[in-house]
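Below is one structure; the comments refer to it alone.
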Protein chains: 2
Amino acid sequence: MDVGEDQSMSFFVEANGQPGRGDDRQGFLANTGPHVQTPIQTQLQAQAQAAPRCLRCAVRNEGLCAALPAGELPELTAISRNRDVGAGEMVTIEGQDADAVFTLVSGMLKIYKTLPDGREQITGFATPGDVVGLAFGSCYVYTAEAVAPSTVCGMVRRGLHGLVDRKPRLQGRLLSMLSAELTAAQDQILMLGCKNATERVCTFLLALARRAPKDEQGRPVVFLPMKKLDMGGYLGLRPETISRVLRSLETKGLITRTRSAHIRIDDLDTFGDLAVAAE
Amino acid sequence: MDVGEDQSMSFFVEANGQPGRGDDRQGFLANTGPHVQTPIQTQLQAQAQAAPRCLRCAVRNEGLCAALPAGELPELTAISRNRDVGAGEMVTIEGQDADAVFTLVSGMLKIYKTLPDGREQITGFATPGDVVGLAFGSCYVYTAEAVAPSTVCGMVRRGLHGLVDRKPRLQGRLLSMLSAELTAAQDQILMLGCKNATERVCTFLLALARRAPKDEQGRPVVFLPMKKLDMGGYLGLRPETISRVLRSLETKGLITRTRSAHIRIDDLDTFGDLAVAAE
DNA sequence: CGCGATTTTGACATTGCTCAACGCAGGTGG
DNA sequence: CCACCTGCGTTGAGCAATGTCAAAATCGCG
């Protein structure tokens, strides 16, 4: 993971409902048809038409999907479906019934929790391949909202539940994802608890830089599609502060703003020092 | 969980070693004798003498142990061992080989991570029943240090590994513990990112108050064995600030300091408002 | 080109930190 | 048994970092 991802899991400790039984809730994907206990023929038929999508998928080797060999992909295709979301649209909403689990295919989502008085704290940004919407209880524990036009692939909770039962390998994958979450959460705690504004911004950029493309001289060029307000919401800072820090880093020659929403890191070493990276 | 607990897990995604094989490392408990592949007789013998400890244990119904019925407790006893630690002693050390997993039997531990320059952030306090030292990789990802004289029960990693393989029920328990962790971590993120000093202190006291004993009028009396410095390390505040906030709460009649290190919460409602509890 | 939203910049306010002094308690040694 | 010492907590004064508010500049988009 990089800058925090999704936050929690589902269908393991099913809140207080049985896995089987029960009618399909009306959530997203409810019309995909029967998935878990589908009669063999119907299932195979569905797979035949469905197979290509997961196989060709941009994030086929990320997230949950990476845990399945190509031969088993059709089963995933059968319970999943793509959906486009525009910037500002929500994929999951804190407190609502967790009907589906989503893999981000393209774009970027912000993951946040809200205090009763309206203050909100962003706990992470999801990048392609990240999984969001895993919930231990019956409700989503955070809101996931697109900050750029995005595509998500939704898997019905019940369908995924059944799939996990049949493919123990998925369970291990879920576990390591959960563990990665926890690590990310703790890094954020460390950041919010100990670091000053400059250190926070550098930590954030550095995390993004790891996955970012490099220019011809090997300098990472980070893409920041989110608003300053969201960046601040993640770092525990106000947008004005972010702006000031970036200006200061630019003045010192550590970064260059190239295209809009793109920042090139010019001095990676000094940057690492400022980020006070753990080990 | 209450105020954060342990932080991560082990033996699922074993870093890059196989579960079986390999000599017992020299860590704590190495002298408990063979545990996993013990010949039946030896094992039963060990159980016979060992059984009573876990059965009588103060935290028998907490943490991992709660997942095992009384009849299976001897197996737990066989791979575990109690150890007393004085205030200031460390149970796990960030970055060191994760040889064992510990259940806190009595006392209190602080869990913290350290930045390269020495700043440290406490990510939680463990109370009896909490499990610390679960590590996904081969090393502990945090330091656990006693803040009061404590007793921990250590389980050899390999022994626990084998036990989890034999008792699938333990796996579910580990999962829900991990999920509780994550929830606690996110609450802390919310706190560090959004709340001011007073709100943080109230949030903290309120979390402790849930588990705290009540006086004859039903008011919770919270025990705070840790130093102000540690409390501050958890809340992202300096000890002077904690002191000032407590003084101010006292002046307002919201709390009363009873015995040393004990605080009674007099006005739980107002307190809850100040804590800005999620939902 | 022009509108609305976002970002930037500046001036100022506030919060919590720093530093220092003092007090209190527990432990130690005479 | 008492004096001292050390570490922690408390309190105060001043300060630095960041938040707040407002205005100007810029961007994205039609």
Side-chain angles (χ1 to χ4, degrees), chain A residues 86-88 110 115 117-122 145 147-149 191-205 223-251 255-263 274 276, chain B residues 86-88 110 117-122 145 147-149 191-205 222-251 255-263 274 276:
Chain A
K110 65 171 175 178
L115 246 32
D117 63 0
R119 281 176 278 183
E120 64 184 47
Q121 173 66 38
I122 296 179
E145 177 185 323
V147 294
M191 183 181 75
L192 294 172
C194 300
K195 299 185 185 178
N196 65 27
T198 303
E199 290 164 347
R200 291 183 201 190
V201 171
C202 290
T203 303
F204 180 66
L205 291 180
F223 176 43
L224 297 166
M226 76 289 287
K227 300 180 207 160
K228 292 280 178 293
L229 190 67
D230 289 333
M231 216 167 130
Y234 177 69
L235 299 174
L237 299 170
R238 315 268 53 221
E240 295 94 329
T241 305
I242 310 268
S243 184
R244 282 184 247 269
V245 169
L246 288 177
R247 159 82 42 233
S248 148
L249 291 173
E250 197 173 20
T251 306
I255 63 172
T256 305
R257 297 188 215 203
T258 57
R259 288 170 291 160
S260 115
H262 285 261
I263 288 182
L274 284 176
V276 198
Chain B
K110 64 171 176 178
D117 63 2
R119 279 176 281 183
E120 63 185 48
Q121 173 66 38
I122 296 179
E145 179 186 323
V147 295
M191 182 180 76
L192 294 172
C194 299
K195 299 185 185 179
N196 65 27
T198 303
E199 289 164 347
R200 292 185 200 190
V201 171
C202 290
T203 303
F204 180 65
L205 290 181
V222 176
F223 176 42
L224 297 165
M226 76 287 287
K227 300 179 208 163
K228 291 281 179 291
L229 191 65
D230 289 333
M231 218 167 128
Y234 176 68
L235 299 174
L237 299 171
R238 314 269 52 217
E240 294 94 330
T241 304
I242 309 268
S243 185
R244 282 184 248 269
V245 169
L246 289 177
R247 162 77 45 232
S248 148
L249 291 173
E250 197 173 20
T251 305
I255 62 172
T256 306
R257 298 188 213 202
T258 56
R259 290 169 291 161
S260 116
H262 285 261
I263 288 182
L274 283 175
V276 198

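Quick note on labels: first sequence line is chain A, next is B, and so on, each numbered from 1.
Residues B:L249 and B:I263 have side chains not in contact (no heavy-atom distance under 4.5 Å, counting atoms from C-beta outward).
Comparing D:dG28, C:dT8, C:dT7 against the side chain of A:K227 picks out C:dT7 as the nearest.
No contact: A:G232 has no heavy atom under 4.0 Å from any strand. When heavy atoms are screened at a 4.0 angstrom cut-off, B:R257 is found touching the sugar-phosphate backbone but no base atom.
Between the C1' atom of C:dT7 and the CE atom of A:M226 lies a distance of 15 Å, rounded to the nearest Å. Atom CD of B:E199 and atom C1' of C:dG16 are 14 Å apart (whole Å). Atom CG of A:L237 and atom P of C:dT15 are 18 Å apart (whole Å). When rounded to the nearest whole Å, the span between CZ of A:R247 and C1' of D:dA25 equals 11 Å. Between A:I263 atom CD1 and C:dT7 atom P there is a gap of 12 Å when expressed in whole angstrom units.
Each end of the helix from C:dC1-D:dG30 to C:dG30-D:dC1 gets its own axis, taken as the rotation carrying the C1' atoms of four end pairs onto the next four within a five-pair window, and the two axes meet at 40° to the nearest 10 degrees.
The distance from atom NZ of A:K195 to atom CD of B:Q121, rounded to the nearest 0.5 Å, is 11.0 Å. With rounding to the nearest 0.5 Å, the separation of CZ in B:R244 from CG in B:L237 is 11.5 Å.
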Could you go through B:K228 and B:S243, starting from their C-alpha distance and side-chain angles, then the distance that decides it, and tell me whether this counts as side-chain hydrogen bond (donor to acceptor under 3.5 Å, both in side chains)?
CA-CA 8 Å; B:K228 291 281 179 291; B:S243 185; over 6 Å; no
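Shown here are the salt bridge (charged side-chain N to carboxylate O under 4.0 Å, His left out) partners of A:E250, two or more places apart in sequence or in another chain: A:R247, A:R257.
A distance-only check finds a donor-acceptor pair linking the side chain of B:R200 to the backbone of B:L192 [under 3.5 Å]. Here the side chain of A:E120 pairs no donor or acceptor atom with the backbone of A:L115 at under 3.5 angstrom. Although no hydrogens or angles enter the test, the distance criterion places no donor-acceptor pair under 3.5 Å between the side chain of A:D230 and the main chain of A:G233.
For residues 238-246 of chain A, proximity to DNA chain D is found at A:R238, A:E240, A:T241, A:R244, defined as any non-hydrogen atom under 4.0 angstrom from a strand atom.
In terms of position on DNA chain D, the residue among B:K228 and A:N196 whose nearest nucleotide sits closer to the 5' end is B:K228. Position along DNA chain D of the nearest nucleotide to A:S260 versus A:T198 favours A:T198 as the more 5'-ward residue.
Taking the six-membered ring for Trp and thresholds of 30 and 60 degrees, A:Y234 and A:F204 have ring planes inclined between 30 and 60 degrees apart.
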